[in-house]
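Notes follow the structure.
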Amino acid sequence: MELGRLGSRLIVDLSLFKENVKLLKDHFPDQQVLFMVKADAYGHGILEMVEFSIEECGIKEFGVASLSEALALRKSLPEKEFELYVFSDQGLSLKENHELYHQKRIFPVITKWSDLLVFCETPSLKGGPLCLKFNTGMNRLGIDFDAAEEVVSYLKSKGIKEIHHLMSHFANASLSMEKNNRNLWQRERFKELKVSLIGAGLNIRNSSMGNSGALEQGIGAEETHIRPGLMLYGPSSMAPKNKDKTFWNGKIISRLETTILSLRNIKKGDPIGYGSVACPDSGLLAIIAIGYGDGIGTRFSGAHLTHRGIEGQIVGRVCMDMTFVLFPEGTDLKEEESFTIWGSDPVFFGKFSQETGTVPYELVIGLTTRVPRIYQIN
Ligand SMILES: *Cc1c(COP(=O)(O)O)cnc(C)c1O
């Protein structure tokens, strides 16, 4: 597709997203997908991703981090039917938020005692489904595993007989799910938790624990739901040394493109850009139209990029609107030609993330609103 001169742009290929969903569903045919779309769908645009997920991929449940993310999503898709969970910043200490959860059909995931008390004491909340997240060893959010008995008696005293969705979260899913002791321990505790809650007479309608790293290793089929985020956008969340443990070969659904503004022949040691950084080699210097104003930070210096099969390296200091990429002398490049920073190749994406000192999660999320998101369906 010819996009003309739009400046730097992130092209989100929804057909690749659909393929990723299918690949995941092939491995988890019996699980419902609770798709994590916090942080503007990991930078891809929450409205478009949710709408497409509902209409084309049969996904009906979504997770965000804050009530404000949830409200914004409900507001932009008022006609669509889907379930929406708020995972971390629920704001339940504020009375005015309680009605919002009720009116907008948003589920707060309860992760601490104070919120559980509010939930049970507030009729509008208590009338809705109870989603409870336990801490099985990550020590981030979650009601402590050891408090399970106390939770049971409290719920019983309040006449609550069902947990709509029981959850926990892995701290080390990027490591082996079969060998890493902390993963084994968390899995074991979640199993124990379910047994003891059910044993105490509570009905557990739904449960989930698997985030991308676990799902990529085939772990998660013992629950009703899976909670993928990163993997559906393409990247693997496995640590590089554990890449052999994953079946995942999703495609990166985004392509970051910019333009070569100008070309300049350069000699080794010549000063370039701010700070007059000495160019590490002789070659052809491409000045591309993207910089830290777009989210390509100064730490990206040194990373390698491939343009039309030719490898170049980011050199000098990244500026707000421009970045230098050094190519071998005599490389056939043209001013004003389109330049792809990353495309659908997950191997390049993983390497680029490593070289830029980021985790794959950060790359798309880090792009600023100056970079328009453009949606494509093949
Ligand atoms: C973000 C998040 C996920 C998804 O994590 P990924 O590693 O992106 O798959 C799942 N569960 C919870 C509670 C989360 O916050």
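Indexing begins at 1, ligand by ligand and atom by atom, following the structure's order. Numbers here simply count residues along the sequence, with the first being 1.
When all heavy atoms of E83 and F107 are compared, the pair lying nearest together is OE1-CE1, 3.6 Å.
Nearest protein neighbour of atom 13 (C) of ligand 1, counting heavy atoms only, is F87 CD2, 3.5 Å. Among protein heavy atoms, atom 11 (N) of ligand 1 sits closest to R227 NE, 3.0 Å. Looking only at protein heavy atoms, the nearest one to atom 9 (O) of ligand 1 is S212 OG, 2.5 Å. Counting only heavy atoms of the protein, atom 12 (C) of ligand 1 lies nearest to H169 CE1, 3.3 Å. Protein heavy atom closest to atom 2 (C) of ligand 1, with residue, atom name and distance, is K38 NZ, 2.5 Å. Protein heavy atom at the shortest distance from atom 8 (O) of ligand 1 is Y42 OH, 2.6 Å.
Side-chain atoms of S236 and E216 form a donor-acceptor pair, as typed in the model, at a separation below 3.5 Å. Between the side chains of R308 and T331, no donor-acceptor pair of N or O atoms lies under 3.5 Å. At a cut-off of 3.5 Å, with distance as the only test, a side-chain donor of T136 or S168 sits close to an acceptor on the other residue.
In terms of polar-atom proximity, K133 is not counted as a contact of ligand 1, lacking any N or O under 3.5 Å from an N or O of the ligand. No N or O atom of M36 sits closer than 3.5 Å to an N or O atom of ligand 1. Residue-to-ligand polar distances keep M231 apart from ligand 1: every N/O pair is separated by 3.5 Å or more. The shortest N or O to N or O distance between Y361 and ligand 1 is below 3.5 Å.
Remark: R105 is not positioned above the aromatic ring of F82, lacking an NZ or CZ atom under 6.0 angstrom from the ring centre and at most 45 degrees off the axis.
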(message) Please determine whether ring-ring contact (aromatic ring centres under 6.0 Å, His included) holds for the pair Y292 and F300, giving the CA-CA distance in whole Å, both sets of side-chain angles, and the decisive distance to 0.1 Å.
(response) CA-CA 9 Å; Y292 59 78; F300 283 51; over 10 Å; no
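In this pair, F87 and Y85 present their aromatic rings tilted. The plane angle is within the 30 to 60° band. Ring planes of Y233 and H44: parallel class, angle under 30° (limits at 30 and 60°).
Residue contact check: L230 has heavy atoms under 4.0 Å from atoms 6 (P), 8 (O), 9 (O) of ligand 1.
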